[in-house]
Amino acid sequence: MNSKEFKKLFGEIAKSNGFESAFGGWIKDSIDCIVVLDLQKSNYGDYYEMNLKVYIQGLFGISYTRNKDLVKKDTGDIFRRQPAEYKALFDFDESMVDDKRKEKLEELFSDFIMPFTEKVLSKSGIRQLAETREIFLLPAIKAELGLI
């Protein structure tokens with residue numbers, strides 16, 4: 001499997017998990033937040049970094065709408081990459097059998113992306129993740145969410 005085939009497979013699995021393809025990435029939203037998945041191609045090797053960005057509606061008086069900048073330019077109010085144990089999944093310089101790569105990708109969605117997304121689609125879920133230190137929020141964002 002090459003990186004182009006992987007990106008297609010990633011999109012299929014993202015769509016099957018409720019994300020919509022938009023502007024070269026995948027978006028899932030709620031009244032409170034927009035979650036964006038983006039595969040960023042490295043300039044240094046044959047691998048991707050997965051960017052997971054969360055935009056919180058109403059923070060600092062901003063109302064977000066789906067657009068290309070959310071996917072390709074901005075980092076969001078919350079930014080994550082894939083967990084370290086999944087780094088090899090995105091690296092095409094490392095050999096991995098196609099079936100194994102697909103299995104690991106499905107596992108990434110079921111064990112990390114979807115549980116995390118379900119929590120960050122609500123402000124209460126974000127507060128909970130911040131209080132348990134599963135995510136880091138900048139002080140200004142904490143203040144806006146009433147955490148300090």
**Fill in**
Taken to the nearest 0.5 Å, the spacing of F109 CZ from F19 CZ works out to 6.0 Å
**Request:** Mind checking the OH-CG spacing from Y44 to D93? Nearest 0.5 Å is all I need.
**Result:** 15.0 Å
**Prompt:** Taking the six-membered ring where the residue is Trp, are the ring centres of F6 and F92 under 6.0 Å apart?
**Reply:** yes
**Asked** Quick one: does NZ or CZ of R80 land under 6.0 Å from the six-membered ring centre of F116, within 45 degrees of the ring axis?
**Response** yes
**Asked** Considering all heavy atoms of both residues, which atom of R127 and which atom of L145 are nearest to each other, and what is their separation?
**Response** NE-O, 2.8 Å
**Prompt:** From I141 CD1 over to L59 CG, what is the distance, rounded to the nearest 0.5 angstrom?
**Reply:** 6.0 Å
**Message:** Quick check: closest heavy atoms across G24 and V71, and the distance to 0.1 Å?
**Reply:** C-CG1, 4.2 Å
**Message:** For E12, is there an ion pair with K8 - N to carboxylate O distance below 4.0 angstrom?
**Reply:** yes
**Prompt:** Minimum heavy-atom separation for T132 to E134, with atom names?
**Reply:** OG1-OE2, 2.8 Å
**Prompt:** Is D74 reaching over with its side chain to a backbone N or O of G76, donor-acceptor style, under 3.5 angstrom?
**Reply:** no
**Asked** Does Q57 reach the main-chain N or O of C33 with its side chain, forming a donor-acceptor pair under 3.5 Å?
**Response** no
**Prompt:** Is the ring centre of F79 less than 6.0 Å from the ring centre of F136?
**Reply:** no
**Message:** When you measure from the side chain of T117 to the backbone of M114, do you find a donor-acceptor pair of N or O atoms at a distance under 3.5 Å?
**Reply:** no
**Request:** Output yes when a side-chain donor or acceptor of N67 lies under 3.5 Å from a complementary backbone atom of L70, and no otherwise.
**Result:** yes
**Prompt:** If you look at every heavy atom in A130 and I135, which pair is closest and at what distance?
**Reply:** N-CG1, 3.7 Å
**Prompt:** Judged by atom type as modelled, is there a donor-acceptor pair below 3.5 Å linking the side chain of E20 to the main-chain atoms of W26?
**Reply:** no
**Asked** Would the Y48 and F90 ring centres measure less than 6.0 Å apart?
**Response** no
**Request:** I would like to know whether D46 and D91 meet side-chain contact (heavy atoms from CB on, under 4.5 Å); could you show each step before the answer?
**Result:** CA-CA 6 Å; D46 192 15; D91 190 344; 5.6 Å; no
**Item:** Spacing of M50 atom CE and F10 atom CZ [to the nearest 0.5 Å]
**Value:** 5.5 Å
**Item:** Pairwise distance CG(D29) to OH(Y55) - rounded to 0.5 angstrom
**Value:** 13.0 Å
**Asked** Within a radius of less than 6.0 Å around NZ of K142, do more than 12 heavy atoms belonging to other residues, nucleotides or ligands occur?
**Response** no
**Message:** With a 4.5 Å cut-off on side-chain heavy atoms, are Y64 and D69 touching?
**Reply:** no
**Asked** With side chains defined as the heavy atoms from C-beta onward, is the minimum distance between D32 and S124 less than 4.5 Å?
**Response** no
**Fill in**
Correct closest heavy-atom pair for R101 and L89 would be NH1-O, 2.6 Å
**Item:** Within 6.0 angstrom of I31 CD1, more than 12 heavy atoms from elsewhere
**Value:** no
**Item:** Note: D77-K53 ion pair, threshold 4.0 Å (strictly below)
**Value:** no
**Message:** Membership question, hydrophobic clusters at under 4.5 Å side-chain separation (ILVMFWY): are I148 and L138 in the same one?
**Reply:** no
**Request:** Mind running side-chain contact (heavy atoms from CB on, under 4.5 Å) on F112 and L52 for me, showing each step along the way?
**Result:** CA-CA 11 Å; F112 172 70; L52 193 158; 4.1 Å; yes
**Item:** K104 atom NZ, neighbour heavy-atom count above 12 within 6.0 Å
**Value:** yes
**Asked** How many angstroms lie between CD in E106 and CD1 in I13, if you round to the nearest 0.5 Å?
**Response** 4.5 Å
**Message:** For a quick test of reading the model, state the closest non-hydrogen atom pair linking G58 to E144 and the distance between them.
**Reply:** O-OE1, 4.3 Å
**Asked** Under 3.5 Å, is there a donor-acceptor pair between the side chain of Q82 and the main chain of K87?
**Response** no
**Request:** Run the numbers on L121 and V35 for side-chain contact (heavy atoms from CB on, under 4.5 Å), then give the verdict.
**Result:** CA-CA 7 Å; L121 280 173; V35 177; 3.7 Å; yes
**Prompt:** Checking side-chain contact (heavy atoms from CB on, under 4.5 Å) for the pair I126/K119: CA distance, chi angles, key distance, verdict?
**Reply:** CA-CA 6 Å; I126 292 169; K119 288 180 184 172; over 6 Å; no
**Prompt:** Between K28 and E118, is there a side-chain N and carboxylate O pair less than 4.0 Å apart?
**Reply:** yes
**Prompt:** Hey, are E49 and K41 close enough for a salt bridge, meaning a charged N less than 4.0 Å from a carboxylate O?
**Reply:** no
**Message:** I'd like to know if L137 and V54 are part of one continuous hydrophobic network [Ile/Leu/Val/Met/Phe/Trp/Tyr, side-chain heavy atoms within less than 4.5 Å].
**Reply:** yes
**Request:** Return yes if some donor-acceptor pair links the side-chain N/O of E5 with the main-chain N/O of N2 below 3.5 Å, else return no.
**Result:** yes
**Prompt:** Quick one: do V97 and L105 end up in the same hydrophobic cluster if we chain Ile, Leu, Val, Met, Phe, Trp and Tyr together by side-chain heavy atoms under 4.5 Å apart?
**Reply:** no
**Prompt:** Are N51 and Q40 close enough that a side-chain donor and a side-chain acceptor fall under 3.5 Å?
**Reply:** yes
